[in-house]
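Worksheet: one structure, shown below.
Whatever order the structure lists ligands and atoms in, that order sets their numbers, starting from 1. The analysis underlying the following values was restricted to heavy atoms, covering all of them including side chains, and did not include hydrogens, waters or symmetry mates.
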Amino acid sequence: MASGAEQGKATMNKKNSSLPVLLGKRVLLSNTKENSQPDQKKMRRDVEPVKPKAAATVTFSKRPVVASTRPTLSKPAPIRKASTVAAGPSRALGRASQQRPSDLKGKVSNTDGKSHNKVKTVHQENKELKGSVAQMQQRGAELKQELDKQRNLISEYEVELKALLGVKEELEKTISDKNNLQRDLSNLHDKYKAMETLRDSQELELQTLKMKLSVQESTLAQLQATLRDREEDIRSFQETVGNQRDAIHAGELERRQLHNTIQELKGNIRVFCRVRPQVGGGLSEHIQLPGSDNKTTLTLIKTEESHTGQAGDTQKKYNFTFDKVFGPHASQQEVFEEISLLVQSALDGYNVCCFAYGQTGSGKTYTMEGGDLEETGGVIPRAVQQVFRASKTLREQGWEFSFTVSFLEIYNETLRDLLYTGMASKRPELDMRKSTNNEVTVTNINYKKVTSEDQVFALIDLAKKNRSTGQTNLNDCSSRSHSVFKLDIEGEHAGRDIKCKSSLCLVDLAGSERMVKSQSQGERFKEMTAINGSLSHLGIVITALANKESYVPYRNSKLTYLLQGCLGGNSKTLMFVNIAPEPDNFGETLNSLRFACKVNNCVIGTANSNRK
Ligand code: ADP
Ligand code: MG
């Protein structure tokens with residue numbers, strides 16, 4: 001198309017190049033024809049809009065081709081052509097003046113015709129161009145309108161875009177929020193799953209527990225029913241127990257009475273004789289024991305050489321009868337069985353006193369204390385054991401007991417506390433006092449409250465140590481002192497308002513041997529006098545009691561004074577006479593047996609229980 005427009009332009013320029021001569025003429029000529037000038041002017045002005053025709057053609061292209069055509073329009077060519085035209089006429093007029101007038105007239109009319117046609121054509125073209133220019137202008141206005149519309153749209157879009165950007169931002173925020181929420185949701189979901197699992201297991205557990213509970217409930221119901229039955233049983237048992245308690249108590253009272261009757265029939269003072277085994281083993285010939293089990297007699301045989309020498313040796317027999325005689329093979333257990341009934345009497349409220357009498361080495365300490373082994377234990381530990389065991393049984397019947405232990409020795413008529421634990425230099429002096437109820441108490445001595453046999457055994461151990469301290473020859477010293485173990489018993493039956501009080505005295509006497517007077521000097525003599533004195537006073541007291549004399553000389557020795565309560569009509573007394581079987585001891589053995597026999601023949605009133 002552009003090339004078409006160029007062609008058109010080129011054609012027009014070619015035609016115009018031949019025009020100047022004519023145009024110059026026409027300018028001159030046109031003075032008569034006024035119409036032609038405006039046409040000419042019109043044509044020149046219209047020449048330019050030819051380009052817009054090209055531009056009009058360009059309108060279909062969206063680019064504003066008008067701008068590109070402008071340079072062509074602004075070409076100064078017409079001005080140059082005008083100058084050419086100005087120079088041209090002089091030359092043309094020069095040539096025309098040389099030509100002939102007829103040729104010229106023809107030529108001019110010819111040229112006029114031609115130019116008239118051309119003007120017509122140009123007019124036509126101009127008209128067309130005007131039309132297309134108007135079209136173009138209309139089109140331009142439309143386009144401008146369209147452009148404005150588009151611009152408005154764009155600004156609207158821009159506003160919308162802004163709003164959309166805001167929306168986008170919000171959307172992004174919402175998306176990130178959504179992601180966070182989704183994360184949270186998935187976490188919560190996980191948690192929910194875990195909780196579900198937990199709930200399931202707990203439900204299972206609950207189910208199991210419910211089952212267990214129902215089992216337990218049924219067991220409980222059964223147990224409650226059983227309990228009700230048992231309670232019923234217990235009530236009836238309690239009734240029975242109450243009745244039986246009454247029966248037992250009545251039985252117990254009866255037993256005590258019978259027991260006491262038996263003891264009285266046996267004698268309130270009894271003497272047991274015990275012969276220890278010989279040191280070198282074997283049997284001694286001068287002591288004869290009956291072969292029967294229930295031994296009560298002992299014969300001491302003294303073989304004397306015949307004075308005449310004719311009838312051979314003569315034998316002198318000394319027969320003794322005691323409540324019981326124990327040979328060298330009698331065990332500690334057997335010996336204790338015989339005195340356990342007396343220990344029972346102590347719990348029943350009777351005072352009980354047990355002595356071991358005999359020469360040194362005859363077995364007094366062995367009988368009273370015994371060895372360290374259980375089977376070699378003597379009267380004291382066994383009596384303590386029995387008292388605590390029997391008190392337990394009586395406790396079940398409603399009795400309550402309290403026990404007090406004291407342990408002392410009498411040496412040279414002085415009292416010494418064997419339970420003293422202080423410094424030797426600060427050992428207090430002991431004295432005896434008689435209380436208003438005629439009970440003898442020792443001042444400054446340790447009276448130890450005890451609740452078990454073990455506590456008593458600990459005190460016995462302490463007494464053993466106390467006896468040995470400060471004494472160079474233990475056997476010697478202990479054999480020249482009396483040791484007195486005393487257990488005071490207080491019982492109370494709260495339910496029946498009965499109280500009882502008694503003492504169990506277990507005495508290991510000093511050796512009864514008599515010294516040859518010429519050998520006794522100084523301390524030894526003093527000791528011997530004291531021992532003999534107290535032992536003979538013991539004999540005197542017992543004899544006075546036996547003879548029911550109005551005055552009983554208890555105060556003559558510390559021993560009898562101390563044991564006053566245990567030797568009266570209210571007591572049960574047992575004496576062991578211990579015999580050393582060796583022939584050398586014959587004299588002492590005879591003395592001991594005689595003394596014991598004297599005691600055995602005493603009948604000490606009738607004992608009364610210390611019941612209140
Ligand atoms: P005492 O106390 O009369 O001086 P002991 O009791 O110390 O005499 O006895 C002297 C010795 O004889 C001790 O070694 C003791 O163990 C022993 N003895 C005493 N009696 C018996 C007995 N029945 N069986 C075994 N040994 C005994
Ligand atoms: Mg002894």
Side-chain angles (χ1 to χ4, degrees), residues 271-284 287 289 295 298 322 324-339 354-383 407-412 416 418 460-461 463-469 471-485 505-515 524 527-528 530-532 534-535 538 559 574-593 595-596:
V271 179
F272 291 174
C273 177
R274 189 179 193 186
V275 182
R276 73 152 164 78
Q278 241 186 151
V279 174
L283 287 167
S284 54
I287 297 173
L289 299 172
K295 300 164 191 166
L298 177 144
F322 297 105
K324 188 88 190 170
V325 175
F326 297 101
H329 304 296
S331 69
Q332 298 280 62
Q333 171 64 26
E334 282 171 56
V335 172
F336 183 73
E337 268 168 24
E338 286 299 318
I339 64 160
C354 181
F355 300 99
Y357 181 95
Q359 68 173 111
T360 299
S362 60
K364 298 184 297 293
T365 306
Y366 184 82
T367 299
M368 296 312 286
E369 291 180 11
D372 292 331
L373 301 172
E374 208 182 312
E375 62 263 30
T376 56
V379 169
I380 297 176
R382 285 172 196 268
F407 211 151
L408 58 82
E409 68 178 355
I410 303 170
Y411 174 73
N412 275 353
R416 198 161 167 266
L418 291 178
I460 292 170
D461 284 345
K464 274 185 193 168
K465 277 180 204 152
N466 253 328
R467 223 180 299 170
S468 60
T469 49
Q471 295 178 0
T472 46
N473 190 330
L474 171 68
N475 192 52
D476 265 356
C477 286
S478 71
S479 70
R480 289 193 296 278
S481 67
H482 313 297
S483 81
V484 182
F485 168 84
C505 287
L506 304 170
V507 187
D508 186 355
L509 293 169
S512 62
E513 62 274 9
R514 282 150 209 270
M515 290 259 170
R524 231 32 184 153
E527 275 176 6
M528 192 203 74
I531 294 164
N532 289 343
S534 66
L535 287 175
L538 183 64
L559 181 69
L574 176 80
M575 183 178 277
F576 276 100
V577 55
N578 290 91
I579 300 297
E582 289 79 21
D584 298 352
N585 299 316
F586 186 90
E588 288 302 330
T589 301
L590 188 60
N591 275 340
S592 296
L593 290 170
F595 178 86

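Between F272 and F326, the ring planes are perpendicular. Angles over 60° get that label, and only those under 30° would be called parallel.
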Walk me through whether D508 and S483 qualify under side chain to side chain donor-acceptor pair (under 3.5 Å).
CA-CA 5 Å; D508 186 355; S483 81; 4.5 Å; no

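Using a 4.0 Å heavy-atom cutoff, R274 is listed among the residues neighbouring ligand 1. Using a 4.0 angstrom heavy-atom cutoff, N578 does not count as in contact with ligand 1. Using 4.0 Å as the threshold, Q359 has a heavy atom nearer than that to some atom of ligand 1.
Side-chain contact, E513 with T360: a donor N or O sits under 3.5 Å from an acceptor N or O.
Ligand 1 places these atoms under 4.0 Å from at least one heavy atom of T360: 4 (O).
Between atom 22 (C) of ligand 1 and the options S362, G363, P277, the minimum heavy-atom separation is to P277.
Looking only at side-chain heavy atoms (C-beta outward), C273 and L593 come within less than 4.5 Å of each other.
The shortest N/O to N/O separation between T365 and ligand 1 falls below 3.5 Å. By the 3.5 Å distance cut-off applied to N or O atoms, P328 is not counted among the residues near ligand 1.
Distances from the Mg ion (ligand 2) show that T360 has no N/O/S atom below 2.8 Å.
For E374, the CD atom is loosely surrounded, since the number of other residues' heavy atoms within 6.0 Å does not exceed 12.
Residues meeting the side chain to side chain donor-acceptor pair (under 3.5 Å) test with E582, sequence neighbours left out: R276, N585.
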